[in-house]
Amino acid sequence: MDVSPLLDQLNESQRQAVSLPDDANALILAGAGSGKTRVLVQRMAWLMSMRHCSSSRLLAVTFTNKSAREMRTRIENLLSAPLHGMWVGTFHGLGHRLLRQHWQEANLPQNFQILDSDDQLRIIRRLIKAAKLDESRWPPRQVQWFINARKDAMQRSTDLSNEGDDTVEQMIRIYRQYEIECQKSGLLDFADLLFRSYQLLKNNDTIRTLYQSRFAHIMVDEFQDTNPVQYAWLKLLTGEHTSVFVVGDDDQSIYGWRGACVENIQHFERDFHPVHTVRLEQNYRSTNTILNAANALIANNQQRLGKNLWSDSGEGDLLRYYRATNELEEAGFVVDRILQHQQQGLKYEQMAILYRSNAQSRVFEENLIARRVPYRVYGGLRFFERAEIKDALSYLRLLINPQDNAAFERIINNPTRGIGQRTLDSIRNQAKMSDSSLWDAALFCVEQQTFAARAHKALQGFLQMMDRLRQHVAEKTLPDAVETLLHETGLWALYKKQLTETAQAKLENLAELVSAARQFEIEEGGLISGDEGVSEILNAFLSHAVLEAGEGQADTWDDCVQLMSLHAAKGLEFPLVFITGMEEGLFPGHRSISEPAKLEEERRLCYVGMTRAEQWLYLCCAERRRLYGNEFYARPSRFIQEVPENLIESVRLTGSVRRPITRQKTVTNSSASTQGFSSGQRVSHQKFGEGTILNAEGSGNSQRLHINFANVGNKWLMASLANLQFLP
DNA sequence: TCTATCACCATTTTT
DNA sequence: TGGTGATAGA
C-alpha cells in the first residue's frame, strides 16, 4: 500500500512524528485538538506498510476501552483490512491478558477473578469490621485509597514501614489482611492487574524476554496519565530492540489525584534516551479566540513544558461570560442559549454543558426537562455495576471459584433464604478456625450438622441449589446458563413480585444481562472451544463485565444535549460549550485553592474544558448557589479573570455589553467588614489568626462565615462583628 | 426479615 | 439537599 498520500495530508510536525526512524524513541507533545490520535494511528500504519513491520510486533496502549476500540478501527480503516495479532488495549486489559496467559508463573489460580472498586470496598469494609476497628478513624474509603495508592507505587504491605504513626500502621495491617484475603479467594483488583503483571515480567526472565523480543514498537496514548506501575511496566516490556512512541500533553494532566504522574514525561526523556521530541501545536478544532483564551489561562501555571496552540481557522466569536444571581438562573440562561443556537440550526448533540462536580447536573436536567430539550447525562452507574447485575454475576463467580469469599458474602442470603446474621457469623468463624473459604466452611457445617434444623435446612438448600446450577452451567450455553441462574436463585422472582418501578427496571436489566451474554457468546464464543470451553467463556465473560463495565443508560435520544463533568469531557469536542459553576470554591474547588499543585491541576481542567469548544464558549457562574442544602456565596472563578479582556464579553440579559467584568483587586489589609465575603477568600482575625473562608451564609449584617483557621480550626463567625482583614 | 428512622456525608473516575 | 448505611422495633 502506498502511504505517501497519507503523509501528504499531515502538517509538518505530524509528518515528522509519523516518519521518525524505526528505532527512534519518541515523545510527542500533542496539544488539545492537534490530531494526536491521527499521528498515533498513522505512525502504526506507516510502520506496517512502509517499514514492513508485522502487526503482531506492535503494541498499542490506551487508558480507556473506548480509545482502544477507536484506535483499532481507525487503523483498520486506514489499511482497509482487519488487524490480526496486534495487541491494542488498555493497560489493565493487557495486564489481564498477560496474567491469564501465564497464571501459573504469576502464582494465580487459573480461575482468578477481577474485583471492581465496589467489590474492593466491600472487602475492606468487612476486614475493618472483623478487626473491630473504629470506622471513623479508618474510613473504608480512605483505606481503599491508601491501598490503591501503595499498589500504584509498587509497594506491597510488607514493603511498608509505619513511620511511627499508629493510624498508618493500622492501615498497613489492613492492607496486609486484604492481600491475604485476595490471594486466598483468587481475586485481583484493578491495581493488581498492573502490579502483578509487572512483577511477572520482572521476576520471570523467560517471559520478559519473550515479550521484549516480540514487540518492536510500543505506542502509548495519553502518556501524561500514566502512574508509576504503568511506567515501570512499559520499561520492562521494552527490550533492546523495542522502540517506544508516546503521545501526551502535560497541560491536560487532570488525574494527578488518582496517582497519574506527569513527571513520567521527564522520566521518559531520561530513561529512554535518546528521545526524539516533537511538538504538535497546530490545532484543528477551535477558533483562535478560544485558543488564545486557553493559552493565556494555562500560561498561569508554573509547572509546564510549554506549548502554544494556534489555528488557521479564523478568529471566531468572543467568549461569553455570564454571571447569574443563583444556580437556577444560571441553568435558565444556559438553556435559553441552547434553544437560540438550536433555532439557528445547531444540533443538540453539538452542545455540551460541563461542570466540575456531577451534583451540578440536576438543576440543568430540571430546566431541560421543563423545556422539553432532550439531553443525556454522562457518568453514573454503568450496566455491569448495577447491584442486581453484580448479584447475578456473583453466583457465576462462586460457581467458577468456590473460594471466592467476596462473591459468597454477596449472595449467600440474597435473595433472602433464611440464612441470617447468626448463621453467617458461625460460618465465618468456622472458616477462620479451619483456615478455609466460607464455601468450604458452609459445606463442613452442613456435613457436621452444626446448626439447628431451620438454619441447617436453609444452608443445605443453598448448597444444593448451587450444585444444580453447576450442572446446568456445565451443560448449557452462556446465555442459557445465565437465564437458568436467574430463575433457580430466585433473583428473577424477587423483582417479579414487587410492583415498583425500580423493580421493573431491575427486571429489565436482568433480561438485558441475558442478551449481553448472548451477544458475548456470538462475538467471543467462537474463539473458545474444547473441554475447557465452558469455564473459559464464563471467565472471559466475567472479566469482560468488570473491565468493560459498559455504557450507562442506553441512548433514548439520538440528538441530545450532552451533560458531563469536565473530566469526562476530555478527548471530546463540541461546537458549543458551556462551562458552568465557575466560582471560587467550586471551580477551583475549595480543597484545591490553598495548594499550588492542586490549583494548577484545576487550571488544567479548565484548560481541557475550554479547548473542547470549536466555535462558541460560554463561561458561567452564579453569585449564590444552593449546595448541600444551604446557600453559598462565591465570587467568580479566578480562571475567568485569567482570560484576557479583549477575548471575552459579558452578557447582560438586555443585550450584551462589552467587558464589564469586575476585575478582583487584591485588597491588602483593608477592613472587610462592609465588603462581600466569598468562600476561598483568605482572611485574618485578631484573635484566631489567618484562615480561609469555607462558606458564607446570609448577607449584610446577618452574614455568617465558616472559616478554617490555620491555628484554631473551623469557626463560625458573624461577618459584621468579626472585623476581618482580607489577605491576598 | 422487613421497614422506618436517624445520623452522616459530600470533587473529579477508568480500569 | 438527598442518598446511604446502620440500627431499632414490629
Side-chain angles (χ1 to χ4, degrees), chain A residues 61-68 89-96 114-122 125 129 135-136 139-142 144-145 148 151-152 188-195 197 222 225-227 229-230 253-260 327 354-363 378-382 384-385 387 413-423 454 458 498 543-552 564-571 581 585-593 598 601-602 604-606 608-609 625-632 694-695:
Chain A
V61 198
T62 63
F63 274 85
T64 65
N65 293 300
K66 195 174 151 205
S67 43
T90 62
F91 279 98
H92 293 87
L94 295 166
H96 174 241
I114 308 166
L115 296 171
D116 67 11
S117 4
D118 180 64
D119 297 327
Q120 185 186 38
L121 188 62
R122 282 163 189 268
R125 197 171 272 146
K129 269 214 185 100
E135 287 206 21
S136 59
R141 282 192 176 283
Q142 266 179 47
Q144 178 183 34
W145 186 86
N148 288 334
K151 288 190 179 186
D152 286 344
L188 296 191
D189 57 34
F190 287 128
D192 280 330
L193 294 176
L194 304 171
F195 193 8
S197 58
E222 306 278 18
D225 288 337
T226 50
N227 63 28
V229 214
Q230 288 163 333
S253 158
I254 53 173
Y255 287 107
W257 53 274
R258 68 176 192 211
E327 81 281 5
L354 308 182
Y355 33 75
R356 178 66 242 260
S357 80
N358 291 115
Q360 288 166 250
S361 74
R362 256 197 44 201
V363 192
Y378 286 74
L381 267 197
R382 286 161 331 148
F384 285 107
E385 289 169 351
N413 199 32
N414 176 14
T416 48
R417 48 174 72 90
I419 303 172
Q421 211 53 56
R422 294 286 306 274
T423 314
R454 211 160 82 181
Q498 298 172 29
S543 305
H544 165 84
V546 184
L547 286 176
E548 211 168 328
E551 279 290 297
M564 67 190 85
S565 70
L566 285 147
H567 283 89
K570 191 167 85 150
L586 189 62
F587 186 33
H590 61 90
R591 283 177 169 80
S592 316
I593 281 177
K598 286 189 176 177
E601 183 153 310
E602 295 281 298
R604 291 194 292 270
L605 189 57
C606 186
V608 167
R625 179 176 299 273
R626 233 182 144 63
L627 210 59
Y628 312 139
N630 39 19
E631 295 249 277
F632 287 73
L694 300 174
N695 186 7

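Keep in mind that the numbers below use all heavy atoms, side chains included, and drop hydrogens, waters and symmetry copies. Chain naming here is simple, since letters A, B, ... match the order of the sequence lines and numbering starts at 1 in each.
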With sequence neighbours left out, write down each residue that passes side chain to side chain contact (heavy atoms under 4.5 Å, CB included) with [X], or none if nothing qualifies.
X	result
A:Arg422	none
A:Lys66	A:Thr64, A:Arg69, A:Leu572
A:Ser253	A:Gln224, A:Val262, A:Arg604
A:Arg591	none

Touch check for [X], heavy atoms < 4.0 angstrom, all strands: base, sugar-phosphate only, or nothing?
X	value
A:Asn413	sugar-phosphate
A:Gly418	sugar-phosphate
A:Asp225	nothing

With 3.5 Å as the limit, what N/O pairs link the protein to nucleotides 5-11 of chain B?
unit_1, atom_1, unit_2, atom_2, d
B:dT11, OP1, A:Tyr628, OH, 2.9

Atom [atom1] of [X] and atom [atom2] of [N]: how far apart are they, to the nearest Å?
X	N	atom1	atom2	value
A:Asp116	B:dT13	CG	P	16 Å
A:Phe63	B:dT15	CZ	C1'	10 Å
A:Asp192	B:dT14	CG	P	20 Å
A:Glu385	B:dT15	CD	C1'	10 Å
A:Tyr255	B:dT15	OH	P	10 Å
A:Leu627	C:dT1	CG	C1'	9 Å
A:Leu381	B:dT14	CG	P	12 Å
A:His96	B:dT15	NE2	P	14 Å

Please write out the pairs of protein N or O atoms and N or O atoms of nucleotides 3-8 of chain C separated by less than 3.5 Å, giving the distance to one decimal.
unit_1, atom_1, unit_2, atom_2, d
C:dA6, OP1, A:Lys129, NZ, 3.1

Under 4.0 Å: is that the gap between some side-chain N or O of [X] and OP1 or OP2 of [N]?
X	N	value
A:Asn65	B:dT14	no
A:Arg382	B:dT15	yes
A:Thr416	B:dC2	yes
A:Thr90	B:dT14	no

Please enumerate all residues that pass ring pair (Phe, Tyr, Trp, His ring centres under 6.0 Å) together with [X], with sequence neighbours excluded.
X	value
A:Phe587	A:Phe639
A:Trp257	A:Tyr255, A:His567
A:Phe91	A:Phe63, A:Trp233

- Task: With side-chain contact (heavy atoms from CB on, under 4.5 Å) as the test, would you mind laying out the steps for A:Leu188 and A:His96 before giving the verdict?
- Result: CA-CA 10 Å; A:Leu188 296 191; A:His96 174 241; over 6 Å; no
- Item | CZ on A:Phe384 to CG on A:Leu547, rounded to 0.5 Å |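 Here the interatomic distance stands at 11.5 Å.
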- For A:Ser117 and A:Glu601, take the nucleotide of DNA chain B holding the closest heavy atom to each; which residue's nucleotide lies nearer the 5' end?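 Per heavy-atom nearest nucleotide, the more 5' residue is A:Glu601.
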- Item | Whether A:Gln120 side chain and A:Asp189 backbone form a donor-acceptor pair below 3.5 Å | no
